[in-house]
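Notes to accompany the following structure.
We're numbering straight along the sequence, starting at 1.
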Amino acid sequence: MSGQCHHHCHHGEVNEKSVKMLILSFVVNMLLSIAEIIGGIFSGSVALVGDALHNTSDALSILIAVIAFKIGNKKASSKYTYGFKRAEIIGGFVNLILLFISGCYLLIEGIGRLIQPGQIEGMMIVWISVLALAVDIFTAKISHHDSDHNTNMKMVFIHNLADVFGSIGVIISGICVVWFEIYSIDGVVAIVIAFYMIFQSIITFPKIVNILMNAAPDNIDIEQVKECILEIKDVKNVHHIHLWSISDNNIALECHVESCNIDVVSIIASRLEDRFGINHCNIQVEKTFCGECCHL
């Protein structure tokens with residue numbers, strides 16, 4: 001006797017209103033980045049240009065998130081049978097590479113400015129950074145709305161919140177130039193922003209690679225999952241267990257269960273979702289152990 005059950009539901013979905021607000025946030029951030037780049041060139045501030053690069057990276061992150069949400073909501077097809085949720089992860093990987101490259105460029109520029117400080121226009125930096133701070137607070141508030149239940153939105157919020165502190169750092173840099181004529185602070189702020197960008201890209205890299213490689217989520221112990229299934233009445237054995245993430249909020253499991261009661265399928269699926277958040281189960285029930293038929 002054998003049977004299969006597919007148990008699937010979605011958590012942490014972002015609604016259309018939030019997506020529209022993200023689009024607005026993207027437009028505002030891109031306009032701000034253009035203003036910061038122009039201001040950085042005319043004022044001679046590498047920190048302001050660095051904040052613009054970071055802001056541009058975050059704006060692209062928002063755009064990628066919007067595209068991913070749009071693609072991810074498409075229905076599964078005969079070719080893409082799991083749907084398009086992994087588009088978010090692919091988009092995040094592209095954004096991570098852009099973030100790392102921008103951080104490395106900014107680090108080189110910041111070190112150069114420390115070695116050879118240049119004259120910069122402090123007041124221009126302050127006024128543009130005040131504008132940037134206002135925009136950063138606005139965009140952080142937008143992304144915060146869904147950040148408590150959607151990982152992608154949470155990452156956007158964290159980046160926007162970091163922009164707030166980045167803008168404060170550039171304001172401090174401008175004030176140091178105006179009041180104390182300390183021009184080297186511009187390079188210091190640029191390096192701090194660069195280290196943050198590089199650090200974020202490095203710590204995010206393993207998570208994205210793990211999802212793309214179909215690795216089991218870090219927060220779920222596969223042995224505990226096995227024990228959970230074996231605790232259920234009428235389940236004699238469980239094997240051929242595969243656990244992976246389809247996307248940030250969609251965790252899948254495949255397994256063979258030895259049992260004479262096919263009704264255990266719905267019980268297993270429900271219990272795995274409640275205890276581990278596994279929301280897509282493919283469970284095959286067998287009357288006897290299938291032995292060497294499982295090669296994966």
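Side-chain contact between Ile38 and Phe42 is present, with heavy atoms from C-beta onward closer than 4.5 Å. Inter-residue side-chain proximity for Phe276 and Gln224 is flagged as met; some heavy-atom pair is nearer than 4.5 Å. When side chains are defined from C-beta on, Ile246 does not count as touching Ile251, because their heavy atoms never get closer than 4.5 Å. Between Val257 and Cys255, some side-chain heavy-atom pair lies under the 4.5 Å cut-off. Residues Ser259 and Lys236 have side chains not in contact (no heavy-atom distance under 4.5 Å, counting atoms from C-beta outward).
By the criterion of side-chain heavy atoms lying less than 4.5 angstrom apart, applied directly or through intervening Ile, Leu, Val, Met, Phe, Trp or Tyr residues, Phe199 is not grouped with Ile97; the two fall into different hydrophobic clusters. Criterion: ILVMFWY side-chain heavy atoms under 4.5 Å apart, direct or through other members. Under it, Leu243 and Leu230 are part of a common hydrophobic cluster. Hydrophobic clustering, with ILVMFWY side chains joined whenever heavy atoms are under 4.5 angstrom apart, keeps Ile41 apart from Ile108. There is no path of hydrophobic side-chain contacts, each under 4.5 Å, that joins Ile203 to Met213. Hydrophobic clustering (ILVMFWY, side-chain heavy atoms < 4.5 Å, transitive): Ile37 and Ile34 are in distinct clusters.
Distance check, rounded to the nearest 0.5 Å: CD of Glu273 to CD1 of Ile268 gives 14.0 Å. Cys104 SG to Ile198 CD1: the interatomic distance, rounded to the nearest 0.5 Å, is 4.5 Å. Rounding to the nearest 0.5 Å gives a distance of 7.0 Å between CD1 of Ile283 and CG of Leu253. Note that the OG1 atom of Thr204 and the CZ atom of Phe100 stand 12.5 Å from one another [nearest 0.5 Å]. To the nearest 0.5 angstrom, Ile62 atom CD1 is 12.0 Å from Ile67 atom CD1. Atoms CD1 and CG, on Ile128 and Leu133 in that order, are 14.0 Å from each other to the nearest 0.5 Å.
Side-chain atoms of Thr139 come within 3.5 Å of backbone atoms of Asp136 as a donor-acceptor pair (strictly under, hydrogens ignored). Not a single donor-acceptor pair under 3.5 Å links the side chain of Asn261 to the backbone N or O of Asp234. Without hydrogens or angle criteria, Ser129 side chain to Val126 main chain gives no donor-acceptor distance under 3.5 Å. In this structure, Asn29 contributes its side chain and Ser25 its backbone to a donor-acceptor pair below 3.5 Å.
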Open item on the list: Pair Val27, Leu31 - check side chain to side chain contact (heavy atoms under 4.5 Å, CB included), show working.
Closed with: CA-CA 6 Å; Val27 172; Leu31 291 175; 4.2 Å; yes
- [ ] Start with the C-alpha gap between Trp244 and Asn210, add the side-chain angles, then the distance that decides, and say whether side chain to side chain contact (heavy atoms under 4.5 Å, CB included) holds.
- [x] CA-CA 9 Å; Trp244 71 100; Asn210 283 341; over 6 Å; no
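The aromatic rings of His256 and His239 sit perpendicular, their planes meeting at an angle over 60°, well past the 30° parallel limit. Ring pair Phe84/Tyr80 is tilted by interplanar angle, where 30° to 60° counts as tilted.
Closest approach of Pro217 and Ser245 over heavy atoms only: CG-OG, 3.4 Å. When all heavy atoms are compared, the tightest approach of Glu36 to Ala52 is OE1-CA, 3.2 Å. For Ala252 against Ile278, the heavy-atom pair with the smallest separation is C-CG2, 4.2 Å. Scanning all heavy atoms of the two residues, the minimum distance from Lys233 to Val264 falls at O-CG1, 3.7 Å.
Between Glu231 and Arg275, at least one side-chain N (NZ, or NE/NH1/NH2) sits under 4.0 Å from a carboxylate O, which counts as a salt bridge.
A side-chain contact (heavy atoms from CB on, under 4.5 Å) with Glu254 is found for one member of His240, Gln284, His280 and no other, namely His240.
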Please set out all donor-acceptor pairs under 3.5 angstrom arising from side-chain atoms of residues 188-195, sequence neighbours excluded.
none

